[in-house]
Amino acid sequence: MFNKRTKIKDLLSWTPDGQEVTVMGWVRSFRNNQFIALNDGSTNQNLQVFAELGKFDDQLLKRFTTSASLKIQGHLVASLGKGQVMELKADHIEVLGDSDGEAYPLQPKKHSLEFLREIAHLRFRTNTFSSVFRIRHSLAFAVHQFFNDKGFVYLHTPIITASDAEGAGEMFRVTTLPFDNPPRNEDGTVNFTEDFFGKSTNLTVSGQLEGELGATALGEIYTFGPTFRAENSNTSRHLAEFWMIEPEMAFFDLEDNMNLAEEFIHYLISYVMKNNPQDLEFLSQRLTEEEKQLPQDKRSEMTLLEKLAFVNDNVFERITYTEAVDILLNSPAYKKKKFQYEVKWGIDLQSEHERYLVEKHFKKPVIVTNYPKDIKAFYMRQNDDGKTVAAMDILAPGIGEIVGGSQREERMDKLVERMEQMHVPADELWWYLDTRRFGTVPHAGFGLGFERMVQFVTGMTNIRDVIAFPRAPKQAEF
RNA sequence: UCCUCAGUAGCUCAGCUGGUUAGAGCAUCUGACUGUUAAUCAGAGGGUCACUGGUUCAAGUCCAGUCUGAGGAGCCA
């Protein structure tokens, strides 16, 4: 057996007492021909390896270049130096893989995130990205923990789908037809009956409709999978391929839905605060350092750690859409004509409006409910006022909409009526309507953009820095 | 897709109202030093100034187009 290593994260919690250990990792720096800062990815902290002068061959020492991989046997001893409590006094060092110093692009210094994005295959070797991806993992694990503890069933909804019913965005076509010469109908349109699935298919834009099928039998389900949008969005908040969590619950109304979403977000934040304190500490300092370059008024009022603690300790503000519009209309910003877009009942709230509510007015996450029905999807439950639907969006500071959800329309006649008005083809969604035909129940659900959650927790400002291999317009490298 | 800004060494940047051979720090390489902490000291190598075209005696610098990136907007999660 090759791997008898001790992980550096574990080892650093020991009391050094001459224990014999084997560690493996990558060289972060090699100082003074004696001191190797070794990182193995288990933690941001490096282990100092002491290679005593004269003990190792000069030709071997020359190979301890940045990012060379080493296997080191030695004894764990108290460090004589000031920067660390312990160090590994090396007895035997083996180079597992050399790293050409001239060609290796990462230096022991600060790099711009833009540059690291160009070498996304190597960026995991930096402190920032290793922290981000350990936290991303923790969040993913916490998602399953949360729902499992509540008795939800993890439902795998399809990635290839034939329905374009939700209209959540432009879709990526999935086909095996030759694109330069596809079979055609008499009227010239492409004949998809000859395609692999016998019909036109796409990558999913949402698992919600299928999720409702699960919820109306299993009671409470959640999905957690990739989602694809072919929108030409070039922003720091959008990806063409992203991960979404979509719980769907039978016997839930809008308020139950909001309570669950809020509890969920609190749970995710607490989980990371408890399990990744060092990574959060590092990212918090990084962000503070980064913001020192900004003018005073653009800097955050709180550090990342303070912000997370604050969000966790406070309940989210809950207001109706109508109240939100009133707040905007009575705001100093509105009176000073600071808003670029018009504010009046019936509009969809613009980024600048959401930002004002969350960052200026309430200074914490806000849940906005009961939107006008005309700006929301067909499946949302119509309220008795005839004007609004039982929708709710959770808006978070810095990233905007993090959750979008609603109580679903369970009344067959109302649902069909709404589909007709919005030109949603009922015949294609016959399977969806069957849930309303056979024992319909009040139910609700929401979608949470996983990367936006990771952004919120890590403080990373560009969404491309919280997913390992970002997919965006003109970007599919690695 | 729209608006704004940017693209000079491996990285981060300087390069003035156009004017001789394009600079610095870090990184890399060579040597020295040896309890270092992004080690230090000395030296060396490293450039199609994003690309294409134009203006000019002369373009890294001015103009046009293209490409790429960033920030913001729209769409949304």
Which of [range] have a heavy atom under 4.0 Å from RNA chain B?
range                       : result
residues 392-406 of chain A : Glu401(A), Ile402(A), Val403(A)
residues 86-103 of chain A  : Glu87(A), Gly101(A), Glu102(A)
residues 54-73 of chain A   : Lys62(A)
residues 43-53 of chain A   : Gln48(A), Phe50(A), Leu53(A)

Give the nucleotide from the list [options] with an atom nearest to the side chain of [X].
X         : options                : value
Arg31(A)  : A73(B), C11(B), U37(B) : U37(B)
Leu80(A)  : G74(B), G25(B), G35(B) : G35(B)
Glu231(A) : G71(B), U36(B), C75(B) : C75(B)

Sequence neighbours left out, what passes ring-ring contact (aromatic ring centres under 6.0 Å, His included) with [X]? Give chain and number order.
X         : result
Tyr271(A) : none
His353(A) : Phe339(A)
Trp345(A) : Tyr321(A)
Phe147(A) : Phe152(A), Tyr222(A), Phe264(A)

What nucleic acid atoms does [X] come within less than 4.0 Å of, heavy atoms only: base, sugar-phosphate, or nothing?
X         : answer
Phe115(A) : sugar-phosphate
Ser112(A) : sugar-phosphate
His238(A) : base
Lys474(A) : sugar-phosphate
Asn234(A) : base

message: So, using side chain to side chain contact (heavy atoms under 4.5 Å, CB included) as the criterion, who are the partners of Gln48(A) when residues are at least two apart?
response: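 Gln48(A) satisfies side chain to side chain contact (heavy atoms under 4.5 Å, CB included) with Arg31(A), Phe35(A), Ser79(A), Gln84(A), Glu87(A) once adjacent residues are dropped.
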message: Going by side chain to side chain contact (heavy atoms under 4.5 Å, CB included), name the residues that satisfy it together with Glu291(A), two or more places apart in sequence or in a different chain.
response: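 Per chain and number, Glu291(A) pairs via side chain to side chain contact (heavy atoms under 4.5 Å, CB included) with Leu287(A), Leu294(A), Arg299(A), Ser300(A).
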message: Ignoring hydrogens and geometry beyond distance, is the side chain of Ser233(A) in donor-acceptor contact with the base of C75(B) at under 3.5 Å?
response: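 Answer is yes: a donor-acceptor pair is held.
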message: Taking donor-acceptor contacts at under 3.5 Å, does the side chain of Ser236(A) reach the base of G71(B)?
response: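 Such a pair does not exist between side chain and base.
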- prompt: So do Thr201(A) and Ile160(A) actually touch side chain to side chain, heavy atoms under 4.5 Å?
  reply: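 Yes, close enough: below the 4.5 Å cut-off.
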- prompt: Rounding to a whole Å, what distance do you find between Gln107(A):CD and G10(B):P?
  reply: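 It is 11 Å, rounded to the nearest whole Å.
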- prompt: Tell me: NZ of Lys109(A) to C1' of C13(B), nearest whole Å?
  reply: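 It works out to 9 Å between those atoms.
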Identify all side-chain donor-acceptor contacts of residues 468-478 of chain A below 3.5 Å with residues at least two apart in sequence or on another chain.
| unit_1 | atom_1 | unit_2 | atom_2 | d |
| --- | --- | --- | --- | --- |
| Arg471(A) | NH1 | Glu477(A) | O | 3.3 |
| Arg471(A) | NH2 | Phe478(A) | O | 2.8 |
| Gln475(A) | OE1 | Arg464(A) | NH1 | 3.0 |

query: Can you list the steps and then say if Arg286(A) with Glu289(A) is a salt bridge (charged side-chain N to carboxylate O under 4.0 Å, His left out)?
result: CA-CA 5 Å; Arg286(A) 195 199 79 87; Glu289(A) 204 61 35; over 6 Å; no
task: Verify, without hydrogens or angle tests, whether Glu409(A) (side chain) and Gln382(A) (backbone) share a donor-acceptor contact under 3.5 angstrom.
output: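 Yes; at least one donor-acceptor contact below 3.5 Å.
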field: Secondary structure of RNA chain B in dot-bracket form (Watson-Crick or G-U wobble, distances below 3.5 Å, | marking inter-strand pairs)
entry: (((((((..((((.....[...)))).(((((.......))))).....(((((..]....))))))))))))....
